[in-house]
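Input: a single structure, listed below in C-alpha cells.
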Protein chains: 2
Amino acid sequence: MVQTGMKKAITLRDIARETGVHVSTVSRALDARTQASLTAEVVERVRATAERMGYRPNRLASGLRTNRTMTVGLVIPDITNAVFPLIVRGIESVLEPLGYASIIVNTDNLSEREHRLVDLLQERGVDGVIHAAATRNDPKIVEMAARGIPMVTVNRSIEHSDIPAVVSDDARGVQMMLQYLYDQGHRRIAHLSGPAQSSTGQARRQAFVEAAQALGLELPQAAIVESARYEEDEGRRAALRLLDSGWPFTAILCANDRLALGAIAVLRARGLDCPADVSVTGFNDMPLLDLILPRLTTIRIQQFEVGKASAEILVRIMTETTPRIPRETVLPVFLVERDSVAPPRAASRRAC
Amino acid sequence: MVQTGMKKAITLRDIARETGVHVSTVSRALDARTQASLTAEVVERVRATAERMGYRPNRLASGLRTNRTMTVGLVIPDITNAVFPLIVRGIESVLEPLGYASIIVNTDNLSEREHRLVDLLQERGVDGVIHAAATRNDPKIVEMAARGIPMVTVNRSIEHSDIPAVVSDDARGVQMMLQYLYDQGHRRIAHLSGPAQSSTGQARRQAFVEAAQALGLELPQAAIVESARYEEDEGRRAALRLLDSGWPFTAILCANDRLALGAIAVLRARGLDCPADVSVTGFNDMPLLDLILPRLTTIRIQQFEVGKASAEILVRIMTETTPRIPRETVLPVFLVERDSVAPPRAASRRAC
DNA sequence: GAGGCTCGTGCAAACGATTGCGCAACTCTT
DNA sequence: AAGAGTTGCGCAATCGTTTGCACGAGCCTC
C-alpha cells in the first residue's frame, strides 16, 4: 500500500515534547484514574495541547500493554436473520456509550467457521464475547470461557458450564400461546418444532409437550414435526409432512415466524385458508411481520432488551472485580394477537 | 476484572525457547513472505511446535509494529435496515477468507455519532473503511481519506473527492420502471422521492424527472413528493400529501420499498385498491417483500454483490502498490414484476 | 536542624511482533 | 588455498502506552 499523503498520528511523545513534560506525565494527565497524582496546572496544560493537536490514543499500543482493547466480539449465526440486527443494536446501546467497539462475526452455524472466527477474535484481544450462535454445545467456546475471557450467551445456554445466559421466556411463551389456542376452542394442535440442536428449538418443543399434557390434549406422534432450520422452506416441508400424516389438526403452533409463513404458504397451496380452515401461530414477532397477510398471531420477544441485558452483564464481568451474575437472566415475552387464529370449524376442515 | 484462571497466551518467545532458535527466526518461519530465507528444516520445526503449542499471533503487537491490523471498519446507518445485512455479508464473503475482521458501527445518520465512531475506528488502527452511511457530504470522512486510510463508499458517492464508490444503477432502474409503467398505459405517474440529503434519494429523483421528460409525461409540481426518511410512516405521510393535491395520478413510483408499503396502506385506508385503482412500485426488493400483499413490483438491487464489489476494491487499495480503481463501479439492477402494477382504469379512479 | 514525611515528576522496563543489519559459516572461483 | 560471494540465523531497535520505582524538593515533627 502506497500511502503517499499519510501524515502520521499524534502520539504521547509529541505532546510531551510540546508541553515540556515527560511522556509518562502526559499519559497520567490524560487518564482520569491517575491525573489526581499530578498538579491541576500540568493536567490542564497537557489536556489542552492534546486537544489542540488532535491527539487520538493508539488502542493497539495501550491494549498491548494493558490487555484491554475496549473491543468485544459478537458471535452470531447470520446477521441477515432479522432477529439479530435488533439484538446487535441492543448490545451496542450499552457498549458504544462506554467506548467499546464490536467485531461481529457470522458463523452460519458451521462449527468449523466458528472455530476460525473465535480465533480471529482472540488474536485481536477482545475484552469479552457475546455469543448468540445457535448450536447447543461447542467445546471451543467453553475453552475460551475457561481461558478467562468474559463471556455471555444470548438466546441459549451452554450446558454444564457457568457462563451467564440471557434468554427469553420461551416456555412461558409456548404455554401462553397454547392456552390461547385452547381458549379459542382448539383441541388438536400440531407443533412445527425448530432444529433440535438449537437450544430454542429444544426448549420450545419441550414446553409444548408439557403444556399440551397439562391441558390434557391429544398428542400423537404425528403432531410434532421437526424442522432442520428456521426457514420458510423448512416450514413448507414440515407442513407437508403434517398434512400428509392425516391427523386432523385444527391449529399449528410454530416454533418461529418463518416456519409459520412457510406453513401458511403450503396450506394455501392445498386450498386451505388460514385462519378459516387452520389457525397458525408464530414466534419472535420479527420485523415487517405485521405487513404480511394473514397478519400472524405470534409471541413477541424483546430482542433489543435481550441484547441490552447481555451487554450489561458482559460489562459487569469485564469491569467488576467480583461480579455476582445470575446464571440465567430470563426476559418476559408477550402474546401479540393478530389475524392468523380463529376458532376451529365445527365441520371437517380437511378439504383435499 | 479478576482473571483467576487466565493462562497467558503462547508467544513467539515461547516457541523460540522450545525450538532453540531466536524469536526473530520464529517470526520469519511463520511468515510466508520471509520463510524462504530459512532452511526448510527450521521452518518445519518451528511450524510444528507452533501448531503443537497452539500459537495464535498477537495482532495488537504486530499491528503496532507494522501498522496493519487486518481489521476494517464498516460504517453503516443502521443494521436493522434490511438492506444492510446483505451488504455486510457480501463484504464479509471476501474479507473473512483473507483473514480480515470487521468492526461495524451504526451512525443512525447522526453526524455527531459518525464523528465519534470514525474516531473509534481510527484509534483501533483499521486498515480500511467501507462507508455506507447515507448523508451526502461529510468532512470527517473526506479528512479520513485524506489521512491516507483506504476507503470505499457504497450506495453513494462523495462529491468532489476521488474516493471510489460502488453503486447500483439507480438511474437505469428508475428509467426501466417508468418505461414499464408507461408500457402498461400509465401517463400520470407520481414519484415518492427519498430524502434529498441521501445520494440515492437525489439520484432517483433526478432520474425520474429526466425519464419522465424523455417520455413526454405530464409532470406538475404536485407529482413529486419528498420523504424525510426511507420509512413506512414517511411513505404514508407523502402519499397523503399526494392524494390531497388533487392531481389525478394513476401510478406511484416510489424511491424505496418501505415508502411504497406506506403508500399502499394509505391508499387502502382511502378505499383505493392497489393495483386496481392505483399502481405502486418499489425499489430495492428487500427481503420478505414477496410475502407481503399485494406483492410489490420493484427494482431489485444486488445488495450482496454491491458489498462484495466494495470489499474487493478495498482489498486492492489496501494491498496493491498502485491500484487503478475506477472512480465509480456501477452494478446493474433488475425489474421484478409482481402484482402491484396493472393498467390504469379507463374511468376516473378517484373514489373518495 | 536532622530525619522522615508526602508530593510531583522522571526513568526505564515492559507488552509481542517485525525487520534492517551484521556476522559467522558455508560454497564457489581462480 | 585464499578471497569473494552467498546463505542462514541472531542481535537489537522499534511501534505507542502504561506503570513500578526512584528521586529531588518541600514540609512537618520532635
Side-chain angles (χ1 to χ4, degrees), chain A residues 1 3 6-47 50 53-71 99 122-125 127, chain B residues 1 3 6-47 50 53-71 99 122-125 127:
Chain A
M1 155 177 72
Q3 294 306 351
M6 179 85 89
K7 37 176 118 64
K8 55 189 167 308
I10 306 295
T11 72
L12 290 187
R13 180 135 74 217
D14 298 323
I15 303 177
R17 192 184 319 110
E18 191 78 4
T19 55
V21 298
H22 194 262
V23 49
S24 64
T25 304
V26 177
S27 173
R28 282 189 263 255
L30 263 24
D31 183 347
R33 292 194 321 279
T34 51
Q35 60 185 206
S37 69
L38 302 180
T39 47
E41 187 269 333
V42 168
V43 170
E44 179 50 27
R45 195 150 48 91
V46 169
R47 210 203 43 68
M53 299 178 76
Y55 170 72
R56 295 278 109 212
N58 182 328
R59 300 262 178 212
L60 294 182
S62 93
L64 179 60
R65 178 66 225 256
T66 62
N67 266 318
R68 299 198 70 214
T69 54
M70 295 303 281
T71 305
Q122 282 207 104
E123 290 175 6
R124 282 160 183 81
D127 294 339
Chain B
M1 153 178 75
Q3 293 307 349
M6 180 84 89
K7 40 175 121 53
K8 56 187 167 306
I10 306 294
T11 72
L12 289 189
R13 179 135 74 217
D14 299 323
I15 302 178
R17 194 184 318 110
E18 190 77 4
T19 56
V21 299
H22 193 263
V23 49
S24 65
T25 305
V26 178
S27 173
R28 282 188 263 255
L30 262 25
D31 182 347
R33 293 193 321 278
T34 51
Q35 61 185 205
S37 70
L38 269 40
T39 50
E41 186 268 333
V42 168
V43 169
E44 178 51 26
R45 196 151 47 92
V46 168
R47 211 202 44 68
M53 300 178 74
Y55 170 73
R56 294 278 110 213
N58 182 328
R59 300 263 178 210
L60 294 181
S62 91
L64 179 60
R65 178 66 223 256
T66 62
N67 265 318
R68 299 199 70 216
T69 53
M70 295 303 282
T71 304
Q122 280 207 103
E123 290 176 6
R124 281 159 185 81
D127 295 338

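We name chains A, B, ... by the order of the sequence lines, and we start the count at 1 in each one.
The CG atom of B:N67 sits 8.5 Å away from the CG atom of B:D127 when rounded to the nearest 0.5 Å.
Qualifying side chain to side chain donor-acceptor pair (under 3.5 Å) partners for A:T71, counting only residues two or more places apart in sequence or in other chains: B:R124. Listed by chain and number, the residues in a salt bridge (Lys or Arg N to Asp or Glu O under 4.0 Å) with A:R45 are A:E41 (sequence neighbours excluded). Scanning for salt bridge (Lys or Arg N to Asp or Glu O under 4.0 Å) contacts around B:R56 gives A:D119, A:E123, with sequence neighbours left out.
A:T11 comes within 4.0 angstrom of the backbone, heavy atoms only, and of no base. Backbone-only contact: A:T66 has heavy atoms under 4.0 Å from sugar-phosphate atoms and none from a base. If you check every strand for non-hydrogen atoms under 4.0 Å, B:S27 touches a base.
Contact check for B:D14 versus B:Y55: no side-chain heavy atoms found under the 4.5 Å cut-off. The side-chain heavy atoms of A:R59 and A:T69, taken from C-beta on, include no pair separated by under 4.5 Å.
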Enumerate all atom pairs, one protein N or O and one N or O from nucleotides 21-28 of chain D, separated by less than 3.5 Å.
none

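Between A:L64 atom CG and D:dC15 atom C1' the separation is 9 Å, expressed in whole Å. Atom-to-atom, CZ of B:R68 to P of D:dT14 comes out at 23 Å; the value is rounded to the nearest Å.
In the region residues 29-36 of chain B, proximity to DNA chain C at under 4.0 angstrom, judged on heavy atoms, holds for B:R33. Residues from residues 13-26 of chain B lying near DNA chain C, meaning a heavy-atom separation below 4.0 Å, are B:R13, B:S24 in numerical order.
What you find for A:A29 and A:Q35 is that their closest heavy atoms are O-NE2, 2.7 Å.
Between B:Y55 and C:dG16 there is no side-chain N or O to OP1 or OP2 distance below 4.0 Å.
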